[in-house]
Protein chains: 2
Amino acid sequence: MSSLADHIEAYIKKMLRSSKTNSVELSRAQMADDFSCVPSQINYVLSTRFTLERGYIVESRRGGGGYIRVGRVEVTDCTSHAVRLLQSVGSELTEKQMDNILVHLKDHQVISLQELRLIRGIVQQEVSKIGQGKHVLRASLVRSLLFFIIESKS
Amino acid sequence: MSSLADHIEAYIKKMLRSSKTNSVELSRAQMADDFSCVPSQINYVLSTRFTLERGYIVESRRGGGGYIRVGRVEVTDCTSHAVRLLQSVGSELTEKQMDNILVHLKDHQVISLQELRLIRGIVQQEVSKIGQGKHVLRASLVRSLLFFIIESKS
DNA sequence: CCTCCTTTGACTATTACTGACCTTAGTTCA
DNA sequence: TGAACTAAGGTCAGTAATAGTCAAAGGAGG
């Protein structure tokens, strides 16, 4: 758990946490230099870890004075936010989609890391037991478990 | 007695005991090398000995910087009791069987009345959404929700 | 023998990282 | 004013580093 990408991810998240505005602006070249890597590594991190599904918004501009801005989606009410996310879960869910949603909720303090791990474990176990309809079962389980958490907390 | 798998199991458990965080991270290739076996042997040990029912959560990531993390979850008397109950039922569950289990667990103060109602509601909701495999889905959902409830309490 | 658990290895899947090449935007100067 | 230059960031495909799957072979106990 210590790839370069992880460190860059952690660094950006740390910057985000200490930002009042819920968004940070960074220079790709500068960043690449700081982490001694090629600039496109920054794009890799952004496109794998700071996606909309995970609750982040990335904007950028090229040319002189160019920049990359990373923002978090606004969450005023955790519960309604989670409910909306859940509704966006259709009748099927891939493992990656599930992960993105869980990370999204964890990063926005709707669920804890322990809860995330437990859900992943439970779903993994249940899904491995059946042959067909894995994506459908995953959607049901994730919806149900999240709904249960949210309901219990309110 | 004392197969290679047993040794690997014991080694991981030893690492877990001496870990402050109740979880250890290991490299599959490294491990296989240490025990002079093929990497998939590690998967065998993990999938037969470090299951959720036995109180372990296994997470992993492939690719560069990949890892396998084994974590412990508290297994209380309540957990094993409920798990046994569910195992006796198997992979399918009728509504009546489900109710019997839920009532039993409520009577023994493993879950509250509210939780009982919540589970029933969630399961009803989810099961009504699908055409086939209702009993299988019900079993999965009840198992998962109960496990989650009990784990979260400890 | 028969069965169950273990062990192996060939094949597959996923993730990280790099570098060459492309696009966009601002700046300068004939 | 627009061509050339400079200063960003973007894309994509290839390589390397891990882990996962599955079925077949092996072995110990009944």
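Within every chain, numbering begins at 1; the chains are lettered A, B, ... in the order of the sequence lines, protein sequences first and strands thereafter.
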If I take atom [atom1] in residue [X] and atom [atom2] in nucleotide [N], what distance separates them, rounded to the nearest angstrom?
X: A/Gln41; N: C/dA20; atom1: CD; atom2: P; answer: 16 Å
X: B/Arg28; N: C/dG9; atom1: CZ; atom2: P; answer: 13 Å
X: B/Tyr67; N: C/dT15; atom1: OH; atom2: P; answer: 10 Å
X: A/Asn43; N: D/dA13; atom1: CG; atom2: P; answer: 15 Å
X: A/Arg69; N: D/dA8; atom1: CZ; atom2: C1'; answer: 15 Å
X: A/Asp99; N: C/dA13; atom1: CG; atom2: P; answer: 19 Å
X: B/Asp33; N: D/dA17; atom1: CG; atom2: C1'; answer: 15 Å
X: A/Phe50; N: D/dG10; atom1: CZ; atom2: C1'; answer: 18 Å

Nucleotide nearest [X] when distance is taken to its side chain, options [options]:
X: A/Asp6; options: D/dT11, C/dT6, C/dA16; answer: C/dA16
X: B/Leu4; options: C/dT7, D/dA19, C/dT18; answer: C/dT7
X: A/Ser60; options: D/dG9, C/dC17, D/dG20; answer: D/dG9
X: B/Ala5; options: D/dG10, C/dT7, C/dC17; answer: C/dT7
X: B/Ser40; options: C/dT18, C/dT6, D/dT21; answer: D/dT21

Respond yes when some side-chain nitrogen or oxygen of [X] is under 4.0 Å from OP1 or OP2 of [N], and no when none is.
X: A/Arg61; N: C/dG26; answer: yes
X: A/Lys96; N: C/dT15; answer: yes
X: A/Arg49; N: C/dA16; answer: yes
X: A/Tyr44; N: C/dA16; answer: yes

Is a donor-acceptor contact shorter than 3.5 angstrom present between the side chain of B/Arg62 and the base of C/dA13? yes
Under the criterion side chain to side chain contact (heavy atoms under 4.5 Å, CB included), I'd like the reasoning laid out for B/Leu26 against B/Met15: C-alpha separation, chi angles, the key distance, then a yes or no. CA-CA 10 Å; B/Leu26 48 94; B/Met15 282 200 296; 3.9 Å; yes
Apply side chain to side chain contact (heavy atoms under 4.5 Å, CB included) to residues B/Asp99 and B/Arg120 and explain how you reach the verdict. CA-CA 8 Å; B/Asp99 266 9; B/Arg120 258 215 291 251; 3.0 Å; yes
Heavy-atom closest pair (B/Asp6 atom, B/Arg49 atom, distance to 0.1 Å) is OD1-NH2, 2.6 Å
Could you measure the distance from the OG1 atom of A/Thr94 to the CG atom of A/Asn100? Nearest 0.5 Å is fine. 8.0 Å
Nearest-nucleotide check on DNA chain C, A/Val38 vs B/Gly64; residue mapping nearer the 5' end is B/Gly64
Which part of the nucleic acid does B/Thr48 contact within heavy-atom distance under 4.0 Å: base, sugar-phosphate only, or nothing? nothing
Please classify the nucleic acid contact of A/Ile42 as base, sugar-phosphate, or nothing, using heavy-atom distances under 4.0 Å. nothing
Can you say whether the rings of A/Phe148 and B/Phe148 are parallel (under 30°), tilted (30 to 60°) or perpendicular (over 60°)? perpendicular
Applying side chain to side chain donor-acceptor pair (under 3.5 Å) between A/His104 and each of A/His81, A/Arg72, A/Glu53, A/Arg54, report the one that passes. A/His81
